[in-house]
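Reviewing the structure listed below.
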Amino acid sequence: MKKVYTIVLAAALMLLGTQAKAQLNIGVGYLNSTEIDTQASDNKEAGRIGLNGIFVGASYNIEIVNGLGVAPGFYVNALFAERTSSAGSRIIPASATITGTYRDIALNVPINLNYKYEVNSNFGIFAYAGPVFQYGVSCKTNWHGSISVLGKTYSDGYVDNHYDAQNGDSNPFNIYLGGGLGVQLGDIQLHVGYDHSLLNRSRIDGYKTSRSQIKVGVNFEF
């Protein structure tokens, strides 16, 4: 019985010690993402799109041993892009323009293993790596087209829902693997990272869609 009490007491002390060394980080930053479509048959690139956006969320770093920790988190990503194509005629005064405005919002759960080396009490450097589990909440392109002929303009538009269960072309679930480096200045962390998707985002037969992203952000420790 004494051995049981000793084990329970030791576990409780370890838990208290872990809680005392746990750190909440609130983060925000910039995203630059590239999505590439390839043909599954020969891995030939079929198209790509560049995306820019922001992320915001929080992580909870739990120190395992001195300097080494694991940080589960929860973040929201928002990515945007706009594409415009136009054409005209020299024979008659006519022109056509189509614009697509892309919006992607996703929930992310990173689980990063990290190591921090403290140079002094106010300065340190750190590295992290791990998977990011992502679920897309909304991914749509708003298309708007207009035609001008002899001074008159005709326009129309529609919304392409990429996650639509019936006609969507993208999978909402994705897993990234990535990592990054950063510096700590007091209670502020500056970091840059890179992620690459492990799953095929495309729901179109014969095509694969991969996404990579560069992240630059700032964390505030509490």
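Count residues from 1 along the sequence.
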Return the CG to OH distance between Leu177 and Tyr194, rounded to the nearest 0.5 Å.
10.5 Å
Identify the two heavy atoms, one from Gln134 and one from Asn108, that lie closest to each other, and give their separation to 0.1 Å.
NE2-OD1, 2.8 Å
Mind listing the closest non-hydrogen atom pair of Ala81 and Arg103 along with its distance?
O-NH1, 3.9 Å
Excluding Tyr102, membership of its hydrophobic cluster (Ile, Leu, Val, Met, Phe, Trp, Tyr; side-chain heavy atoms within less than 4.5 Å) reads Leu31, Ile49, Leu51, Phe55, Tyr75, Leu79
Quick one: OG1 on Thr38 to CZ on Arg48, what's the gap to the nearest 0.5 Å?
10.5 Å
Which heavy atom of Ile188 sits nearest to which heavy atom of Phe220, and what is that distance?
CG1-CD2, 4.1 Å
same_hphob_cluster(Ile64, Tyr117) at 4.5 Å side-chain heavy-atom cutoff
yes
How far does CG of Asn142 sit from CG of Asn161, to the nearest 0.5 angstrom?
10.5 Å
For the pair Glu63 (side chain) and Gly67 (backbone), establish whether a donor and an acceptor sit closer than 3.5 Å, ignoring hydrogens and angles.
yes
Atom CG of Asp205 with >12 non-hydrogen neighbours under 6.0 angstrom
no
Using the rule that two of Ile, Leu, Val, Met, Phe, Trp, Tyr join whenever any of their side-chain heavy atoms come within less than 4.5 Å, decide whether Val119 and Phe126 are in one cluster.
no
Membership question, hydrophobic clusters at under 4.5 Å side-chain separation (ILVMFWY): are Ile125 and Leu113 in the same one?
yes
Do Ile204 and Ile36 share a hydrophobic cluster (ILVMFWY, side-chain heavy atoms under 4.5 Å, transitive)?
no
Calculate, to the nearest 0.5 Å, the distance between atoms CG and CD1 belonging to Leu199 and Ile175 respectively.
4.5 Å
Could you please spell out the steps behind the side-chain contact (heavy atoms from CB on, under 4.5 Å) verdict for Ser170 and Tyr163?
CA-CA 6 Å; Ser170 298; Tyr163 292 154; 3.8 Å; yes
Examine distances only and state if a side-chain atom of Asn171 and a backbone atom of Phe173 form a donor-acceptor pair shorter than 3.5 Å.
no
I need the His191 NE2 to Tyr128 OH distance, nearest 0.5 Å.
5.5 Å
Side-chain cluster (under 4.5 Å, hydrophobic types only) that Leu181 belongs to, other residues:
none
I'd like to know if the side chain of Arg201 and the backbone of Asp37 have a donor-acceptor N/O pair within less than 3.5 Å.
no
Whether the side chain of Gln166 engages the backbone of Gly168 through a donor-acceptor N/O pair (distance < 3.5 Å, no angle test) should be reported.
no
With a sphere of 6.0 Å drawn around CD1 of Ile98, does it hold more than 12 non-hydrogen atoms of other residues, nucleotides or ligands?
yes
Using a 6.0 Å cut-off, check whether atom OH of Tyr30 has over 12 heavy atoms from anything other than its own residue.
yes
Please test Ser202 against Lys208 for side-chain contact (heavy atoms from CB on, under 4.5 Å), starting from the C-alpha separation and ending with a verdict.
CA-CA 6 Å; Ser202 178; Lys208 296 188 297 183; 5.8 Å; no
Taking all heavy atoms of Ile26 and all of Ala58, pick out the closest pair and write down the distance.
CD1-CB, 3.6 Å
Test your reading of the model: is there a side-chain donor-acceptor pair from Thr153 to the backbone of Ile147, 3.5 Å cut-off?
no
Heavy-atom closest contact (Asn174 atom, Ser197 atom, distance):
ND2-CB, 3.3 Å
Among residues two or more places apart or on two chains, list those pairs meeting salt bridge (Lys or Arg N to Asp or Glu O under 4.0 Å) that have a residue in residues 177-196.
Asp195-Lys215
Side-chain donor-acceptor pair under 3.5 Å between Asn200 and Tyr207, yes or no?
no
For the side chain of Gln23 and the backbone of Phe222, is there at least one donor-acceptor N/O pair under 3.5 Å apart?
yes
Could you walk me through whether Arg211 and Asp104 pass side-chain contact (heavy atoms from CB on, under 4.5 Å), step by step?
CA-CA 13 Å; Arg211 180 180 286 183; Asp104 184 1; 2.9 Å; yes
Can you tell me how far CG of Asp160 sits from CG of Asn167, rounded to the nearest 0.5 angstrom?
9.0 Å
For a quick test of reading the model, state the closest non-hydrogen atom pair linking Lys116 to Gln184 and the distance between them.
NZ-OE1, 3.2 Å
Between Phe74 and Val132, is there shared hydrophobic-cluster membership here, with clusters defined by ILVMFWY side-chain heavy atoms closer than 4.5 Å?
no
Would Val76 and Ile105 count as a side-chain contact (heavy atoms from CB on, under 4.5 Å) here? Give the steps.
CA-CA 7 Å; Val76 178; Ile105 299 175; 4.2 Å; yes
